[in-house]
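Side chains are part of it too, since the values below use all heavy atoms of this structure and drop only hydrogens, waters and symmetry mates.
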2 protein chains.
Amino acid sequence: MQHNPIKFNLELNPNVSVDCVIFGFDLEQLTVLLIDRGEIPSGFGPRMALPGNLIYDNENLDMAANRILDELTGLNNIYLEQVGAFGDPDRIHKESDREWLKSIRAEPEARVITVAYYSLVPISKYKPQAASFAKNADWIPVSQINELAFDHFEILQAAKDKLKQKIKIQPIGFNLLPAKFTLSQLHRLYESILDKPLDKRNFRRKIQKLNILTSLREKQRGVPHKPSLLYEFNEEKYQELTQTGFDNFGF
Amino acid sequence: MQHNPIKFNLELNPNVSVDCVIFGFDLEQLTVLLIDRGEIPSGFGPRMALPGNLIYDNENLDMAANRILDELTGLNNIYLEQVGAFGDPDRIHKESDREWLKSIRAEPEARVITVAYYSLVPISKYKPQAASFAKNADWIPVSQINELAFDHFEILQAAKDKLKQKIKIQPIGFNLLPAKFTLSQLHRLYESILDKPLDKRNFRRKIQKLNILTSLREKQRGVPHKPSLLYEFNEEKYQELTQTGFDNFGF
DNA sequence: TTGGAAAGTGTAAATTTGACACAAAGCTAT
DNA sequence: ATAGCTTTGTGTCAAATTTACACTTTCCAA
C-alpha cells in the first residue's frame, strides 16, 4: 500500500509513529536491535536510532508495531508490550532528523508523537531482512548504549524499566531464549535484565520450585566443561500456577 | 488560546487526545471522576465518559494531562502517571460519539488516538470548576462502573491495573488521602486498590516497620467510637528507604 | 592423564508471613 | 450515670521464605 505525504495545517494534528525497542539476548548480555542512519555531518547527533515508522490509517497501534517488527526481522508472533507515548513539541530539532523523517515519509516540519513498544526476540531466529531500513540494523549490547537519535535514549530507558518490572511478575524471559536452554543461561538473563547479581543456588532453587520448567533428558554438547541439562518452558504449568493467584517471582 | 478545526487529508494524521482517569478515595472506596455527557437517545451508548481533550500543538503530553486536570478540578501539582496510548481505527463509530467529538473541537470523521493518564487526587481538595465540561462531573465508585463511552472502560481497566502494580512498589497511596490520616483509612485504601482483604494487624505491622509515617500527637475528633491516632506521610524517610534499594512493599 | 571451566548440589540462621482474639476508648441513647 | 455500640490497637507462635556460603562432578582440550 502506498502512502503519499500531503501538506495540511498541523495545528491540532501531529504525525503519529511507532518505535520499537527490540530486545535480544546473546547468552551473555541484553542487546537491542538498532538502525544505523549512516554518515551524518559531525555535530548533528547520534547515528543510531530505534526502528520505527508512521502508523497507517487502517491499522491499530499493535498492528503497526508488529508490522515494523516483521519488516525488520521477518518475525511475527513475537512478544510485544507497549511502553507508552512520547511527544514533546520540540522533539525534532536537528536538520539530520528532518532528513531522516522524510525518508520514512513523515512531514519533516510536523510535530511527531510516537508510541513506543518493546519486544522480546529469540536472537537465534533473527535473520536480517531486505527492507531498506533493515540494511543497517545491528544488535548492540544495552550496556554500551549511552546516546541515541531523537528522544530514543529516553524511550530505551523507559523500556528497560518496564521490562525489569514485568519480569518480576511474569515469566516473559523465555521469549529471549531458544526453546531449549540451560538454567545458567536463564540465570544470566535475569541478572542482565534486573541489572544485579543473583546467587546461583538460590536462583535455581526458586525457579525450580515454581515448577514451570520441563527438564529434558538432554545435555549440552560440545562445550569445554561439564555440559548442562537442557530445559523447556512449560506454558501449561505456568497457567496452572497463575490460577493460584501467583503474580510475583520475588526478585 | 483558540483552536479551530480545519479540514485536511487524514490518511496519516490522526487527532491526538489525552484522557484522564482521575482517582479519588472517599475513605470507603476508590472512585473516579466521570463526565456525564447528558441525555443521549437510547441505543446510543453510555452517557458517562472520562474527561479528555485534544492536545494543543505547543504542549507536551504531560502538560495536556495537567491542563485537563486543572480545568476540571482546579488542582495542579497532582500525582500523574501515563497509562498508555489507545487507538483502534474504528474506535469512533456511534453518531453520539461524533457529536461529542465536535463539542471538544475534534474532527468527527477523523481517527482519534488517545493517550491515557491516571491521577491521584485527595478528594477533599476537589471543588467543582466552572469549565463547561466540568458542570456534569461526579465521583463514581470504581466498583459500580461497568460501561463507559468509547473505549473508556478499557482505559479505566488498564489504569486500575497500573495503579495496582505501582502501589506495590511505591507509596503513592498517600496522594489519595488528606495530609493527616489514620492507619485504618490507609488500610481500606490498600484493600480497595488491591481489591483483596488484608489482615489488619499484619498490615499495620508491615507499614509501621517501613518507618515512613510520622505519628502525630493528635487524635480523631467527633467519631462515635474510640478515636484513632493520626499520621502523616514522611517524604524524607521514604527517600532514605529508597537509598537502600527498597522497591517492594510485599503486598 | 591432567588441567581448566562451568554445572550442580545442601544446610543453618535470620527474617518474614499468616493466622488468630480480646481489651480500651470514645460517643450515644436512655 | 451507665450500658451498649463501634472501631482502635495490640502479641505470639508456627510455617515459609530468604540469605549466605564451598566443594565435587563432568566434559573437553592439550
Q | Step-by-step salt bridge (Lys or Arg N to Asp or Glu O under 4.0 Å) determination, A:Lys168 to A:Asp247 | A | CA-CA 8 Å; A:Lys168 294 178 179 180; A:Asp247 72 341; over 6 Å; no
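Listed by residue number, the members of residues 221-234 of chain B with any heavy atom below 4.0 angstrom from DNA chain C are B:Val223, B:Pro224, B:His225, B:Lys226, B:Pro227. Non-hydrogen atoms lying under 4.0 Å from DNA chain C are contributed by nothing in residues 164-177 of chain A. Near-neighbour residues of DNA chain D inside residues 197-213 of chain A, defined by a heavy atom below 4.0 Å, number-ordered: A:Asp199, A:Arg201, A:Asn202, A:Arg205, A:Lys206, A:Lys209. Taking a 4.0 Å limit (strictly below) on heavy-atom distances, residues 181-196 of chain B does not reach DNA chain C anywhere.
Contact of the A:Leu34 side chain with the A:Ile22 side chain is not registered, since no non-hydrogen atoms from C-beta on lie closer than 4.5 Å.
Nearest heavy-atom pair across A:Thr73 and A:Leu69 is OG1-O, 2.6 Å. The shortest heavy-atom contact between A:Leu72 and A:Tyr126 is O-CE1, 3.8 Å.
Note: NZ (A:Lys219) to P (D:dT25) measures 14 Å, nearest angstrom.
No hydrogens or angles considered: nothing links the side chains of A:Gln243 and A:Gln239 as a donor-acceptor pair under 3.5 Å. A side-chain donor-acceptor contact under 3.5 Å links B:Glu81 and B:Tyr79. With hydrogens and angles left out, the side-chain atoms of B:Asp19 and B:Thr114 include a donor and acceptor closer than 3.5 Å. No side-chain donor from either of B:Asn66 and B:Tyr117 sits under 3.5 Å from a side-chain acceptor of the other. Side-chain atoms of B:Thr31 and B:Asp26 include no donor-acceptor pair closer than 3.5 Å.
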Mind listing the side-chain donor-acceptor pairs of residues 141-148 of chain B below 3.5 Å, one per line with the distance, residues two or more places apart or on another chain?
none

Report, one line per pair, each donor and acceptor closer than 3.5 Å where one atom sits in a side chain of residues 194-202 of chain A; sequence neighbours left out.
residue  : atom : partner  : partner atom : Å
A:Asp199 : OD2  : A:Arg201 : N            : 3.1
A:Asp199 : OD2  : A:Asn202 : N            : 2.9
A:Asp199 : OD2  : A:Asn202 : ND2          : 3.4
A:Asn202 : OD1  : A:Arg205 : NH2          : 2.7

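Distance OH/A:Tyr231 to CZ/A:Phe181: 9.5 Å, rounded to 0.5 Å.
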